[in-house]
Number of protein chains: 2
Amino acid sequence: MTPEKTVERLSLYRRFLKQLKDDGVKNVYSHHLADLSRGTPAQVRRDLMLIGYNGSPQKGYDVPELIKHIDNFFNTDELVNVVLVGVGNVGRALLSYFRSGKSHINIIASFDTDETKTDRIINNCTCHHISKLSEFISDKNIKVGILTAPATEAQVIANTMIGSGITGILNFAPVRLKVPQTIFVEDVDLTMNIEKVLYFASGKQV
Amino acid sequence: MTPEKTVERLSLYRRFLKQLKDDGVKNVYSHHLADLSRGTPAQVRRDLMLIGYNGSPQKGYDVPELIKHIDNFFNTDELVNVVLVGVGNVGRALLSYFRSGKSHINIIASFDTDETKTDRIINNCTCHHISKLSEFISDKNIKVGILTAPATEAQVIANTMIGSGITGILNFAPVRLKVPQTIFVEDVDLTMNIEKVLYFASGKQV
DNA sequence: GCGTTCTTGTGAAAATAATCACATTGTGAA
DNA sequence: TTCACAATGTGATTATTTTCACAAGAACGC
């Protein structure tokens, strides 16, 4: 119901707000948040309106309260466990990426087919053989998976994930996964991203 | 002028088309491309219309010709050189990612501040000290940079890049870079991506 | 030869998203 | 007290993106 774009921006707002909070800033105006997130003040206000947060015309938005409100919107007060499948270069980068952060996202386990990787700890995260994926997901009631396996295996893995109860996939494989309508897939496609930059950087579109 | 979304999809289409070509497929229909890219046939047709490619109602689209047409649209017949700044986990993942592919994107050099990394080859790519970045960019006339440095350094690096002639940045740092209007920045924000999945996977938005 | 069945290309409509613009309101200076 | 100011919240508008829906045309079976 909340537009995807708004959800994306809310995630950004929250990160910037946390930064501001750490810096001791108590309140913030829409134009300030707009600057930080490359949007417009009106857009910020509209987004916050959509999640029902009210500021005051004098003080703007209360930083800690707004953070709490967005936390509540995302429904992620506590740690969320996710699994990662495919401990290649991208997989390892993500393991480090989410380890390092003080984020509430916890990659609780990783999986791979390669037996030289399985049953040991890689980037602070135990890597299991992929044959254990299904059981792990249902046992731990995991809802979200990160898919960093090769394109050729992605669909099969996605099917396993979904069959075991996962409802959201962050997919790095350059394939369009076929999934039921109830499953949410977010694709990250690096080749596409850089081609887009190449195109718009070339200037011929101006 | 061509919408961003269309550019994104064209990149996808091309990749799928190349796959099809390798498989010996000679022509393809809009609904087929739509399947592969999770769009609708109408959208595919509209996109191709926008770049002025015409299929035939009987044969659909000629695969090799359409690839050539998209190549031409992207203006990337030959190899494009880009630089990468920040040889951390994500940086190394990207180096491998673009090495392995048969893509036309070539990361010609990487840069870092850490002297244990500089002046040697990491993931098949020579890593220079960042002090050489500016000269390198202008000498080789590089137009696009990949920014995988920590958030705290991202803006300074972006300024250097832009000052040396770069016009497009693929930014992985969780910061909104302040750049002139003529510079194109594409942000990849992994935290945002996964929070989005968490939100839409939780089902409470349905 | 003729109707049926696929397509494509595209004008028109619908859905989504972003922006404008202004009434409203608390604050501080005169 | 009163006025100017600066910011919010939001109806209305505009812009962008997607989808619908159908004319047109070749291939195929009869």
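Rounded to an integer number of Å, the gap from B:Glu4 CD to C:dA18 C1' is 14 Å. Atom CE in A:Met49 sits roughly 7 Å away from atom C1' in D:dG9 (whole-Å rounding). Regarding A:Leu50, its CG atom lies at a distance of 14 Å from the P atom of C:dT16, rounded to whole Å. When the P atom of C:dT16 is taken as reference, atom CG of A:Asp47 falls 17 Å away, rounded to whole Å. For A:Gln43 and D:dT16, the CD to P distance is 14 Å, given to the nearest whole Å. We find that NZ of A:Lys59 is positioned 19 Å from P of C:dT25, with the value rounded to whole Å. Per the geometry, OH belonging to A:Tyr29 stands 11 Å off C1' belonging to C:dT27, to the nearest Å. Distance, B:Arg38 CZ to D:dT17 P: 20 Å, rounded to whole Å.
Side chain of A:Ala42, nearest nucleotide from C:dA12, C:dC20, D:dG9: C:dC20. Nearest nucleotide to the side chain of A:Lys5, out of D:dT18, C:dA17, D:dA21: C:dA17. Of all nucleotides listed (D:dT10, D:dA21, D:dG25), D:dG25 comes nearest to the side chain of B:Gln58. Each of D:dT8, C:dT8, D:dA7 was ranked by its minimum atom distance to the side chain of A:Tyr61; first place goes to D:dT8. With C:dT7, D:dG9, D:dT18 as the choices, the nucleotide that has an atom nearest any side-chain atom of B:His31 turns out to be C:dT7. Comparing C:dT8, D:dT18, C:dT19 against the side chain of B:Ser30 picks out C:dT8 as the nearest.
Checked by atom type, the side-chain pair B:Asp47/B:Tyr13 shows a donor-acceptor distance below 3.5 Å. At a cut-off of 3.5 Å, with distance as the only test, no side-chain donor of A:Asn27 or A:Asp62 sits close to an acceptor on the other residue.
Between B:Ser56 and the phosphate of C:dT8, there is no side-chain N or O to OP1/OP2 separation shorter than 4.0 Å. Put simply, B:Arg45 has no side-chain N or O that comes within less than 4.0 Å of OP1 or OP2 on C:dG9.
Side-chain contact check for B:Asn106 versus B:Val80: every heavy-atom pair is 4.5 Å or farther apart.
Using a 4.0 Å cut-off between charged nitrogen and carboxylate oxygen, B:Arg176 and A:Asp35 do not count as a salt-bridge pair.
The residue among A:Pro3 and B:Pro57 whose nearest nucleotide of DNA chain C lies closer to the 5′ end is B:Pro57.
For an aromatic pair to be called close, the ring centres must be under 6.0 Å apart, and B:Phe73 with A:Tyr199 satisfies this.
The base of C:dT19 is paired with the side chain of A:Arg46 by a donor and an acceptor separated by under 3.5 Å.
Using Watson-Crick or G-U wobble geometry with both donor-acceptor distances under 3.5 Å, C:dA13 finds its partner in D:dT18.
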